[in-house]
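Data block below; observations after.
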Amino acid sequence: MTNKTEMPPASGGQNFDISSLANAAEAVKPVNERLLSGESIDMADEFPELHSALKLALKQKDPKDRSEVFIKNLDPSLVRLAFEGDKSDKENPGDEKRAPHHGGLKQSNQQKFVEDLINQGLKLIRGKDSKAYALWEGKLFALDDDSGADLISLLAYKQQAGMDEAKAVMLLKAKARHEPDIEAKVHKRVASPPEGGHVYIDLADGSNEVIHVSKEAIKIEPKPEGIYLYQSPSSLPMARPDFDADFNLEELLPFFNITNLRDLRLIWSWAACAMLPTGPHPILHVIGTAGSAKSEMMKKVRRVIDPNNAELRVIPEGQEKLRKFAIAVQNNQVLIIDNLKHINESMADVMCIASTGGNYVTRGHFSNLGEVSVQLSAPIALTSIGPVTTASDLLDRMISMHVPPLQKGTQRSAKELDQEFEKIIPKLMALMCRAIQHVLLFEDEIDVSGFEIRMMDFQKRIAAMAPVFGWDRESAMKGMVDNTEKNDLDMLDNNILYKPIMDALKSHNWSITGKTSDLLEVIASYAGALESRQDWPKGPQQFAGDLAYIEPSLKRIHGILYEPHRRKSDVRLKTLHAPHMHDDESTESDSQKIQRGAARAF
């Protein structure tokens with residue numbers, strides 16, 4: 001804004017103008033403090049110049065022309081209510097009996113409506129993720145998405161309240177964040193109490209009932225007090241488990257294009273762990289050519305563990321890709337991404353966070369300086385035609401499997417398969433509940449010492465539930481380690497340094513020592529035409545980074561270590577060596593293999 005607008009003195013009789021951000025912030029501060037304390041202010045009377053200046057600022061189309069300090073220093077919901085409310089005043093002339101309201105408005109219809117709802121039992125909840133929720137008649141509504149707006153629209157219709165529904169939602173959000181009735185962790189499909197030992201799975205069928213899995217029993221019962229489960233607008237009801245029916249996982253083979261029971265068991269072990277409220281959650285990656293039914297397989301998995309109208313997702317393109325992906329993770333119990341082509345480094349990092357649990361920090365909407373922290377933790381599954389990443393951190397967190405093309409003459413219509421599959425879902429749900437119960441009972445008994453894989457907790461869980469899926473604990477653990485080794489080999493086979501490193505080590509009795517530049521020179525001598533490629537390291541620093549990237553896989557597969565050797569003449573020497581490697585790998589003992597976590601441990 002170019003014109004100066006005089007402000008009332010904030011202190012000491014000094015005038016402030018809107019072009020001075022520091023002065024404007026100081027002028028707004030006392031107003032803001034009074035608003036947040038719950039005090040009603042008639043700003044048009046007490047601060048007429050400030051009131052007018054803010055109204056002018058908010059009318060500017062270009063954010064650069066606004067006095068952003070005003071908006072940032074006042075609660076955004078209250079600001080919008082205060083300065084969008086003049087229309088209501090003009091539409092209701094002569095109505096002088098309404099009580100003063102925040103920002104100078106007399107009490108509006110929406111404020112009265114909100115107060116009536118609270119008096120009728122509406123509870124406002126601030127989640128641990130700082131999101132705002134409303135609890136009405138036992139059901140939770142998110143005030144940040146369409147479910148909150150739908151609730152207000154429905155109640156306004158029932159009560160024949162004439163008011164601006166969007167402003168009523170903003171009022172509820174502001175009150176939930178600043179003056180909540182309850183502060184608690186809000187879960188998606190699955191929850192557990194802070195002390196653990198119980199799992200509650202939301203049936204989401206309008207009954208307000210959950211499947212309660214504990215060490216002692218599995219039963220369907222009303223949702224307990226203090227457990228808050230949120231159903232997104234796209235959530236669908238869960239199948240009720242049939243605990244009286246017998247079911248064997250092999251009965252799923254006609255519905256899944258899987259060639260061996262090990263992979264089928266790994267898929268459903270991943271699915272059962274996806275129904276646990278805490279991670280870590282490995283990323284399931286199903287690879288197959290067009291026509292291999294990989295997407296249909298994953299749709300069926302989701303119908304069992306987290307029914308949803310949006311069964312499959314695609315990763316959006318553009319600058320907002322990471323933000324939209326993070327929002328999808330935050331709002332879904334399970335996320336299945338279909339037909340993925342490539343995962344770049346930034347997306348790989350965010351997927352790693354979602355797999356093991358953590359926070360993704362991004363810029364706030366309509367803000368250059370504000371940050372938003374998004375809590376990420378969700379089971380993720382991917383389908384693709386081929387490999388999508390060589391990022392070792394992400395591969396460490398993956399369960400990957402290849403599915404073959406469907407044989408001619410074996411194809412069946414999706415409708416026919418879906419109808420048959422629907423009949424067995426209740427029996428399969430009972431099997432999944434028993435698998436969860438086995439985790440509660442036996443997870444702490446599982447010994448994973450000697451295994452060098454990242455997902456140790458998942459390793460313990462699939463071993464604990466193994467008998468439910470028809471294999472023993474040792475076979476389940478071996479299946480997971482076999483899969484990790486395959487991911488390592490896939491990554492190494494696609495890395496430009498792998499073959500030259502192996503050739504160089506074999507020629508140097510499995511040990512090379514020197515400065516980083518010396519190691520690069522030795523390995524380059526075995527690279528041949530690879531050295532002329534653009535992705536060949538350009539110097540010692542890049543070589544050190546590239547080697548550190550593949551070193552975890554080299555260690556797991558071949559026992560190759562890259563570590564400091566000793567100091568000599570103030571030069572740091574490095575050693576690249578394989579202490580357990582022999583010319584004849586078959587002479588390596590089982591105990592040596594299990595120590596380095598190789599898949600041949602058993």
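Basis for what follows: all heavy atoms, side chains included, without hydrogens, waters or symmetry-related copies.
- Expressed to the nearest 0.5 Å, how far CG of Leu406 lies from NZ of Lys294 amounts to 10.0 Å.
- Rounded to the nearest 0.5 Å, atoms NE2 (His558) and CD1 (Ile501) are 10.0 Å apart.
- Side-chain contact check for Ser207 and Asp205: at least one donor-acceptor pair (N or O, by modelled atom type) lies under 3.5 Å.
- With hydrogens and angles ignored, the 3.5 Å screen pairs no side-chain donor or acceptor of Arg461 with any backbone N or O of Ser269.
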Can you give me every donor-acceptor pair (side chain of residues 244-257, partner residue at least two apart or in another chain, under 3.5 Å) with its distance?
residue : atom : partner : partner atom : Å
Asn248  : OD1  : Glu250  : N            : 2.9
Glu251  : OE2  : Asn248  : N            : 3.1
Asn257  : ND2  : Ser292  : O            : 3.0
Asn257  : ND2  : Pro404  : O            : 2.5

Are Tyr133 and Tyr230 close enough, and set up right, to give a ring pair (Phe, Tyr, Trp, His ring centres under 6.0 Å), and what steps lead you there? CA-CA 9 Å; Tyr133 299 88; Tyr230 169 64; 5.8 Å; yes
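- Among residues two or more places apart in sequence or in another chain, the side-chain hydrogen bond (donor to acceptor under 3.5 Å, both in side chains) test is passed with Ser235 by Ser232.
- The stretch residues 468-487 participates, sequence neighbours left out, in no ring pair (Phe, Tyr, Trp, His ring centres under 6.0 Å) pair at all.
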Could you go through Asp472 and Ser475, starting from their C-alpha distance and side-chain angles, then the distance that decides it, and tell me whether this counts as side chain to side chain donor-acceptor pair (under 3.5 Å)? CA-CA 5 Å; Asp472 56 59; Ser475 298; 2.9 Å; yes
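- One finds no salt bridge joining Asp493 and Lys499 here, because no Lys/Arg side-chain nitrogen approaches an Asp/Glu carboxylate oxygen to under 4.0 Å.
- In this structure, the separation between CZ on Phe442 and CZ on Arg473 is 6.5 Å, given to the nearest 0.5 Å.
- Remark: the backbone N or O of Gly479 is not paired with any side-chain donor or acceptor of Asn483 at under 3.5 angstrom.
- Note: Tyr498 OH to Leu492 CG = 5.5 Å, rounded to the nearest 0.5 Å.
- By the 4.0 Å N-to-carboxylate-O rule, Lys188 lies too far from Asp306 to be salt-bridged with it.
- Checked by atom type and distance alone, the side chain of Trp270 pairs as donor or acceptor with a backbone atom of Pro282 at under 3.5 Å.
- The two residues Glu551 and Ile560 have their closest heavy-atom pair at OE2-O, 3.9 Å.
- Put simply, CD1 on Ile550 and CD1 on Ile496 are 10.5 Å apart, with the number rounded to the nearest 0.5 Å.
- In this structure, Met238 and Arg189 have side chains that are in contact, with non-hydrogen atoms separated by less than 4.5 Å.
- Looking at heavy atoms from C-beta onward, Lys223 lies out of side-chain contact with Tyr200 at the 4.5 angstrom threshold.
- Judged purely by distance below 3.5 Å, without hydrogens or angles, the side chains of Ser553 and Asp488 pair a donor atom with an acceptor atom.
- Looking at Leu203 and Ile211, their side chains come closer than 4.5 Å, going by heavy atoms from C-beta outward.
- The existence of a salt bridge linking Asp447 and Lys460 is excluded, since no basic side-chain nitrogen approaches an acidic carboxylate oxygen closer than 4.0 Å.
- With a 4.5 Å cut-off on side-chain heavy atoms, Val334 and Asn308 do not count as touching.
- Checking Arg265 against Asn260 by side-chain atom types alone, no donor-acceptor pair falls below 3.5 Å.
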Could you walk me through whether Arg397 and Asp393 pass the side chain to side chain contact (heavy atoms under 4.5 Å, CB included) check? CA-CA 7 Å; Arg397 294 168 168 84; Asp393 276 357; 3.7 Å; yes
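- The side-chain heavy atoms of Asn332 and Arg313, taken from C-beta on, include a pair separated by under 4.5 Å.
- Once rounded to the nearest 0.5 Å, the distance linking CD1 of Ile380 with NE2 of His281 reads 10.0 Å.
- Under the 3.5 Å distance criterion, the side-chain polar atoms of Arg302 are left unmatched by any main-chain donor or acceptor of Met298.
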Contacts table for residues 420-440: side-chain donor-acceptor under 3.5 angstrom, sequence neighbours left out:
residue : atom : partner : partner atom : Å
Glu420  : OE1  : Arg412  : NH2          : 3.2
Glu420  : OE2  : Arg412  : NH2          : 2.5
Gln437  : NE2  : Ser214  : O            : 3.1
His438  : ND1  : Arg434  : O            : 3.1

Per-pair distances, 0.1 Å, donor-acceptor, side chain in residues 533-540, under 3.5 Å, sequence neighbours excluded:
residue : atom : partner : partner atom : Å
Arg533  : NE   : Asp535  : OD1          : 3.1
Arg533  : NH2  : Asp535  : OD2          : 2.7
Lys538  : NZ   : Gln534  : O            : 2.4
Lys538  : NZ   : Trp536  : O            : 3.1

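- Summarising the geometry of Met401 relative to Asp263, their closest heavy-atom pair is CE-O, 3.7 Å, with the distance given to 0.1 Å.
- Looking at every heavy atom in both residues, Ala527 comes nearest to Pro500 through CA-CG, 3.9 Å.
- With contacts defined as side-chain heavy-atom distances shorter than 4.5 Å, the pair Leu154/Asp150 does not qualify.
- Taking the side chain to side chain contact (heavy atoms under 4.5 Å, CB included) definition, one finds that His285 meets it with Ile287, Leu382, Ser384, Val388, Met398, Ser400, sequence neighbours left out.
- Residues Thr289 and Pro405 approach most closely at OG1-CG, 3.5 Å, considering heavy atoms.
- No side-chain heavy atom of Met347 sits under 4.5 Å from any side-chain heavy atom of His342.
- Taking all atoms of both residues into account, the shortest heavy-atom contact from Val190 to Leu276 is CG1-C, 4.1 Å.
- Residue-environment remark: CD (Glu345) stays at or below the threshold of 12 foreign heavy atoms within 6.0 Å.
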